Undergrad: 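This structure is in structure tokens; I'll ask about it shortly.
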Amino acid sequence: MPPAHPTGASGRQPSPAPGTDPTTAAEADPDAASRLTVLAGPTAVGKGTVAADVRARYPEVWLSVSVTTRAPRPGEVDGVHYHFVSGAEFDRMIESDEFLEWAVVHGRHRYGTPRGPVLARLAARAPALLEIDLAGARQVRAVMPGAQFVFLAPPSWAELERRLLGRGTEGPQERALRLATARVEMAASSEFDHVIVNDDVHRAADELVTVMGLPTR
Ligand code: 5GP
């Protein structure tokens with residue numbers, strides 16, 4: 001049978017018996033989407049750092065592991081930082097409707113959120129966090145409007161440029177590309193339910209968990 005939604009980003013898989021499928025369980029629970037928080041924001045703003053700080057201090061928060069077609073950077077571990085896959089495998093996952101959302105980021109590589117683990121987490125009544133780009137956040141908004149959408153902003157544009165240069169992981173061309181995307185993303189911050197300024201990682205992480213409805217500690 002062909003997938004109901006060939007784009008892979010807006011539908012869901014056919015369900016097995018009721019009660020055994022996390023999709024069904026999550027959809028039967030009207031509060032499920034409210035436990036999902038989507039964190040977006042421009043390149044180098046520190047989404048990964050803030051998410052890691054949340055994970056370190058609030059281990060009950062589950063962070064989705066995305067699938068990507070980009071190559072691992074030194075130190076990145078398959079299955080931990082990302083699931084690193086070939087273009088053909090990404091195509092297969094689109095075809096079999098395995099993504100909650102997916103997007104081409106910075107005009108290059110594809111990144112996507114596997115739907116199954118997210119829905120299983122929500123069905124278990126536990127908080128889940130996605131760290132994705134603007135296009136992905138818009139797709140999640142379309143299918144799960146009850147989720148919380150958080151935009152992580154830099155204290156200033158100059159600070160964003162400084163952070164991107166400072167981390168030294170991109171060459172001048174890639175930096176220019178990322179800053180161009182960042183301008184578009186910054187202009188979309190008003191679409192989000194909350195804007196958190198990443199002036200201090202711990203503080204921003206605390207604000208994020210407060211938005212998630214968890215007590216800070
Ligand atoms: P990086 O290559 O630096 O790890 O990530 C580049 C961008 O991809 C980041 O802005 C990040 O938010 C975004 N990204 C990571 N995972 C996903 C995903 O599953 N879906 C979408 N749409 N974007 C993602």
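Start at 1 and go down the list; that is how both ligands and their atoms are numbered. Because the structure is a prediction, the values reported are computed rather than measured. Keep in mind that the numbers below use all heavy atoms, side chains included, and drop hydrogens, waters and symmetry copies.
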Undergrad: Is ligand 1 under 4.0 Å from a heavy atom in the side chain of Y82, in the backbone, in both, or in neither?
TA: side chain

Undergrad: Would R167 and E161 pass as an ion pair if we require N to O under 4.0 Å?
TA: no

Undergrad: Between ligand 1 and V67, is the shortest N or O to N or O distance under 3.5 Å?
TA: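 No; every N/O pair is 3.5 Å or more apart.
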
Undergrad: Relative to the heavy atoms of A103, which atoms of ligand 1 are at a distance of less than 4.0 Å?
TA: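 Atoms satisfying the 4.0 Å criterion: 22 (N).
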
Undergrad: Heavy atoms only: which of D133, T169, L134 is nearest to atom 22 (N) of ligand 1?
TA: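 Considering heavy atoms of D133, T169, L134, the nearest to atom 22 (N) of ligand 1 sits in D133.
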
Undergrad: Return the residue, atom name and 0.1 Å-rounded distance of the protein heavy atom closest to atom 9 (C) of ligand 1.
TA: K47 NZ, 4.0 Å

Undergrad: Please answer whether the main-chain N or O of S86 pairs with a side-chain N or O of E89 as donor and acceptor at a distance below 3.5 Å.
TA: no

Undergrad: For ligand 1, which atoms sit closer than 4.0 Å to a heavy atom of G136?
TA: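 Selected atoms, number and element: 22 (N).
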
Undergrad: Do T68 and R70 have a side chain donor and acceptor closer than 3.5 Å?
TA: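 Note: T68 and R70 side chains miss the donor-acceptor criterion.
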
Undergrad: Decide whether the shortest distance between a heavy atom of A135 and an atom of ligand 1 is less than 4.0 Å.
TA: no

Undergrad: For atom 3 (O) of ligand 1, what is the nearest protein heavy atom, given as residue, atom name and distance?
TA: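 So the nearest neighbour among protein heavy atoms is R73 NH2, 2.9 Å.
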
Undergrad: Could you tell me whether E170 approaches ligand 1 through its side chain, its backbone, both or neither, with non-hydrogen atoms closer than 4.0 Å?
TA: neither

Undergrad: Does a donor on one side chain sit under 3.5 Å from an acceptor on the other, for E101 and T113?
TA: yes

Undergrad: Are W62 and L129 linked, directly or through other ILVMFWY residues, by side chains that come within less than 4.5 angstrom of each other?
TA: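 Yes, one cluster joins them.
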
Undergrad: Tell me which one of A182, P114, S66, G41 gets a heavy atom nearest to atom 16 (N) of ligand 1.
TA: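 Shortest heavy-atom distance from atom 16 (N) of ligand 1: S66.
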
Undergrad: How about F99 and F90: are their ring centres within less than 6.0 Å of each other?
TA: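 Yes - the distance between ring centres of F99 and F90 falls below the 6.0 Å cut-off.
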
Undergrad: Report the part of T113 in contact with ligand 1, treating N, CA, C, O as backbone and CB onward as side chain, heavy atoms under 4.0 Å; options are side chain, backbone, both, neither.
TA: both

Undergrad: Check E131 against ligand 1 and report side chain, backbone, both or neither, counting heavy atoms closer than 4.0 Å.
TA: both

Undergrad: State plainly whether the residues D193 and R141 are in salt-bridge range, i.e. N to O under 4.0 Å.
TA: yes

Undergrad: For atom 20 (N) of ligand 1, what is the nearest protein heavy atom, given as residue, atom name and distance?
TA: E101 OE2, 2.8 Å

Undergrad: What protein heavy atom sits nearest atom 7 (C) of ligand 1, and how far away is it?
TA: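 That would be V105 CG1, 3.5 Å.
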
Undergrad: Are the charged groups of D97 and R115 less than 4.0 angstrom apart, N to O?
TA: yes

Undergrad: Tell me, do L100 and M144 make a side-chain contact under 4.5 Å, heavy atoms counted?
TA: yes

Undergrad: May I ask you to identify, for R178, whether its side chain, its backbone, both or neither come under 4.0 Å of ligand 1 on a heavy-atom basis?
TA: side chain

Undergrad: Check this for me - ligand 1, E76, N or O atoms closer than 3.5 angstrom, yes or no?
TA: no

Undergrad: Taking 4.0 angstrom as the limit, do R92 and E98 come out as a salt bridge?
TA: yes

Undergrad: Is it the side chain, the backbone, both or neither of R70 that has a heavy atom closer than 4.0 Å to ligand 1?
TA: side chain

Undergrad: Going by atom types alone, do D53 and H202 pair a side-chain donor with an acceptor below 3.5 Å?
TA: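 Judged by distance alone, the side chains do pair up.
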
Undergrad: Nearest protein heavy-atom contact for atom 6 (C) of ligand 1: which residue, which atom, what distance?
TA: Y111 OH, 3.7 Å

